[in-house]
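Single-structure report; data block below.
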There are 2 protein chains.
Amino acid sequence: MHYPSAWLQGSSRGESIASHLRLQIINESIKPGEILSENKVAELFEASRSPVREAFKLLAGEGLIRLERMGAVVVGLDLTHIQELYDVRYLIESFAQQRLAKRDNAAMLVRLEQTVDRMKLAVKHGDEVEFAFQDFSFHEMIVQEAGHTRIWHLWNSIRSIVRTVMLLTTANSFRQGKERMEWVADKHLTVIEGLRSGNEEQIAKIVKAYFADSDETLGRSLS
Amino acid sequence: MHYPSAWLQGSSRGESIASHLRLQIINESIKPGEILSENKVAELFEASRSPVREAFKLLAGEGLIRLERMGAVVVGLDLTHIQELYDVRYLIESFAQQRLAKRDNAAMLVRLEQTVDRMKLAVKHGDEVEFAFQDFSFHEMIVQEAGHTRIWHLWNSIRSIVRTVMLLTTANSFRQGKERMEWVADKHLTVIEGLRSGNEEQIAKIVKAYFADSDETLGRSLS
DNA sequence: AAAAGACAAGTTGTATACAAGTATTCAAGA
DNA sequence: TCTTGAATACTTGTATACAACTTGTCTTTT
């Protein structure tokens, strides 16, 4: 499995290398405990140390590797870590949605619906990568629209990992059939309904249910 | 005002430059809208572009500057942004404390009490920098002890900013007299009491009160 | 006078070079 | 056989070099 090249548009060599390594680490093609050196990785990607160094800094900031005196130690993302990632996503997204509850979201809701439509289209075409992309966009849009600088930066700090995890789990979920994916897409409609209601308690309930389901989906896709 | 050199122990030239720039940006010695170029900053710090580049990446990740094609644009931290920072701190810390509620925290509580003692000693000696350091350590300890990898990384992503903001606001608060600082130190004791009780609702109430107070302190120190 | 185009200065992204420090290995001696 | 020590190879952090691109200015042309 390769990182979708379309997702690398406009990114530097360093970010590109980071994306490939990130996928392989989460993928466990590169295993926890392994030691990466700037020189070896540079040779592997046929690049110089500069962009590799940038990639290492990015991955270290995401906690996927740990920079030490002699080599970068791969930390990896086991199931526990992924569940922790969902904890954080829940924290960020419920904050964002509570903030949106008070506003007029008409324009955003239209775009969210369009996104869900694209998800369903992706199911029809059997296009996993497109589905993952739209799923990601859906959640990112909510966080962005909340208009909270710091929350947005928190999201940015896990953005790449979330995108990659979504790519992998979506690929797994697709193997459970199209009905399952339809169900996943429909789950997003409940979120839209919540936001449309503008009722804070109802939104809280829906977001909670959403991530409880996601957690269950996660367990299912990795067993 | 300079960044305390003791806080730079073990950090690379790049992190060091980042710390100095960070202080000046939050300080508004460097104003929003200004454009920094790698070459000029390198010359200023008598370093090469490599560490400056690293510093820019760090500051961009923290949202203090925005990397563009031609130069880095200073974003800065106005009062609104700082309040947003407190929102995030509240989010992180209440999550961490809720997690701690279920555990046995005897050892940690001792260390927290020691930290508060050091804060009071710092007040006695009129040592602002030491106070800020202990205050910072207090909150970092709580997040770390929660033992949640992802929350820890969220904290890491705002760590440097929080530290610097604390340094500046503490310096301001000191001008309001020692009684005020004693009061700030005592506030931390209520947090310890909460954690000792192990009661989730009580903890929630205390953390909420703590950050409400901090927000008020913030307004006071910047007006 | 105004517009268009070429040129010059400055910027980043990447590659390479160098220096300081660390781990490993291998050999020699107890 | 085990320990000790020196040498070697490899690591990162920083400095410098180069290429591609952007921007603003100045000249030339209409």
Side-chain angles (χ1 to χ4, degrees), chain A residues 3 5-22 24-25 30-76 156 160, chain B residues 3 5-22 24-25 30-76 156 160:
Chain A
Y3 194 81
S5 56
W7 294 11
L8 292 172
Q9 288 303 332
S11 55
S12 69
R13 198 94 176 66
E15 298 172 59
S16 163
I17 291 173
S19 293
H20 282 102
L21 287 178
R22 189 183 297 113
Q24 289 183 294
I25 291 173
I30 301 177
K31 297 203 163 47
E34 267 188 64
I35 289 176
L36 306 176
S37 94
E38 293 178 358
N39 276 315
K40 283 179 190 163
V41 174
E43 196 175 359
L44 200 67
F45 283 90
E46 293 177 333
S48 78
R49 275 181 57 209
S50 302
V52 173
R53 200 173 169 71
E54 183 187 335
F56 276 24
K57 286 273 161 61
L58 288 171
L59 297 175
E62 297 168 7
L64 291 177
I65 66 178
R66 206 174 48 234
L67 264 34
E68 300 194 345
R69 326 301 164 94
M70 219 75 179
V73 183
V74 175
V75 175
N156 260 296
S160 302
Chain B
Y3 193 82
S5 55
W7 294 10
L8 292 172
Q9 288 303 333
S11 56
S12 69
R13 199 93 178 56
E15 298 172 58
S16 164
I17 291 173
S19 293
H20 283 102
L21 287 177
R22 189 184 297 114
Q24 289 182 294
I25 291 174
I30 301 177
K31 297 204 164 47
E34 265 189 65
I35 288 176
L36 306 177
S37 93
E38 293 178 358
N39 276 317
K40 284 178 188 163
V41 174
E43 197 175 359
L44 201 66
F45 284 90
E46 292 177 335
S48 78
R49 275 181 55 211
S50 303
V52 173
R53 200 174 169 70
E54 184 189 335
F56 276 24
K57 286 275 161 62
L58 288 171
L59 296 175
E62 297 167 7
L64 292 177
I65 65 178
R66 206 175 47 233
L67 265 33
E68 299 194 344
R69 334 296 164 88
M70 220 75 178
V73 183
V74 175
V75 175
N156 260 298
S160 303

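Here is the naming used below: chain letters follow the sequence lines, and residue numbers restart at 1 for every chain.
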What's the closest nucleotide to the [X] side chain, out of [options]?
{"X": "B/Asn39", "options": "C/dT11, C/dG13, D/dT14", "value": "C/dT11"}
{"X": "A/Glu38", "options": "D/dT14, C/dG13, D/dT12", "value": "D/dT12"}
{"X": "B/Ser50", "options": "D/dT16, C/dT14, C/dT12", "value": "D/dT16"}
{"X": "B/Ser48", "options": "C/dA17, D/dA15, C/dA15", "value": "D/dA15"}
{"X": "B/Ser37", "options": "C/dT12, D/dT11, D/dT12", "value": "C/dT12"}

Please tabulate, for side-chain N and O atoms in residues 50-75 of chain B, each donor-acceptor pair with protein atoms closer than 3.5 Å (sequence neighbours left out).
{"from": "B/Arg53", "atom 1": "NH1", "to": "B/Glu38", "atom 2": "OE2", "distance (Å)": "2.8"}
{"from": "B/Glu54", "atom 1": "OE2", "to": "B/Ser12", "atom 2": "OG", "distance (Å)": "3.3"}
{"from": "B/Glu62", "atom 1": "OE1", "to": "B/Arg22", "atom 2": "NE", "distance (Å)": "2.8"}
{"from": "B/Glu62", "atom 1": "OE2", "to": "B/Arg22", "atom 2": "NH2", "distance (Å)": "2.9"}
{"from": "B/Arg66", "atom 1": "NE", "to": "B/Glu68", "atom 2": "OE2", "distance (Å)": "3.1"}
{"from": "B/Arg66", "atom 1": "NH2", "to": "B/Glu68", "atom 2": "OE2", "distance (Å)": "3.3"}

Any chance you could measure [X], atom [atom1], to [Y], atom [atom2], to the nearest 0.5 Å?
{"X": "B/Leu44", "Y": "B/Ile17", "atom1": "CG", "atom2": "CD1", "result": "9.5 Å"}
{"X": "B/Arg13", "Y": "B/Phe45", "atom1": "CZ", "atom2": "CZ", "result": "8.0 Å"}
{"X": "A/Lys31", "Y": "A/Gln24", "atom1": "NZ", "atom2": "CD", "result": "11.0 Å"}

Checklist line | Other residues, nucleotides, ligands: >12 heavy atoms within 6.0 Å of B/Glu43 CD | finding: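 For B/Glu43, atom CD is not crowded (no more than 12 foreign heavy atoms under 6.0 Å).
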
Margin query: Heavy-atom nearest nucleotide on DNA chain C for B/Lys40 versus A/Gly14: which residue maps closer to 5'?
Written below: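 The residue closer to the strand's 5' end, by nearest nucleotide, is B/Lys40.
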
Listing time: all N or O pairs from protein to nucleotides 19-23 of chain D that are below 3.5 Å?
none

Notebook entry, point to check: When the C1' atoms of the five terminal pairs at each end define the local axes, what inter-axis angle does the helix from C/dA1-D/dT30 to C/dA30-D/dT1 show, to 10 degrees?
Noted result: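 Computed from the C1' atoms at both ends, the axes differ by 10°.
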
Roughly how many Å is it from [atom1] in [X] to [atom2] in [N], rounded to a whole number?
{"X": "A/Arg66", "N": "D/dT12", "atom1": "CZ", "atom2": "C1'", "answer": "17 Å"}
{"X": "B/Arg53", "N": "D/dA15", "atom1": "CZ", "atom2": "P", "answer": "15 Å"}
{"X": "A/Glu46", "N": "C/dT14", "atom1": "CD", "atom2": "C1'", "answer": "15 Å"}
{"X": "B/Glu54", "N": "C/dG13", "atom1": "CD", "atom2": "P", "answer": "15 Å"}
{"X": "A/Arg49", "N": "D/dT14", "atom1": "CZ", "atom2": "P", "answer": "11 Å"}
{"X": "B/Leu67", "N": "C/dG13", "atom1": "CG", "atom2": "P", "answer": "7 Å"}
{"X": "A/Glu43", "N": "C/dA15", "atom1": "CD", "atom2": "C1'", "answer": "15 Å"}
{"X": "B/Ile35", "N": "C/dT11", "atom1": "CD1", "atom2": "P", "answer": "10 Å"}

If you look at every heavy atom in [X] and [Y], which pair is closest and at what distance?
{"X": "A/His20", "Y": "A/Tyr3", "result": "CD2-CB, 4.1 Å"}
{"X": "B/Gly76", "Y": "B/Pro32", "result": "CA-CG, 4.4 Å"}
{"X": "A/Ser16", "Y": "A/Ser11", "result": "N-OG, 4.5 Å"}

Next item on the list: Without swapping roles, check the side chain of B/Gln9 against the backbone of B/Ala6 for a donor-acceptor pair under 3.5 Å.
Entry: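 Checked: no pair found.
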
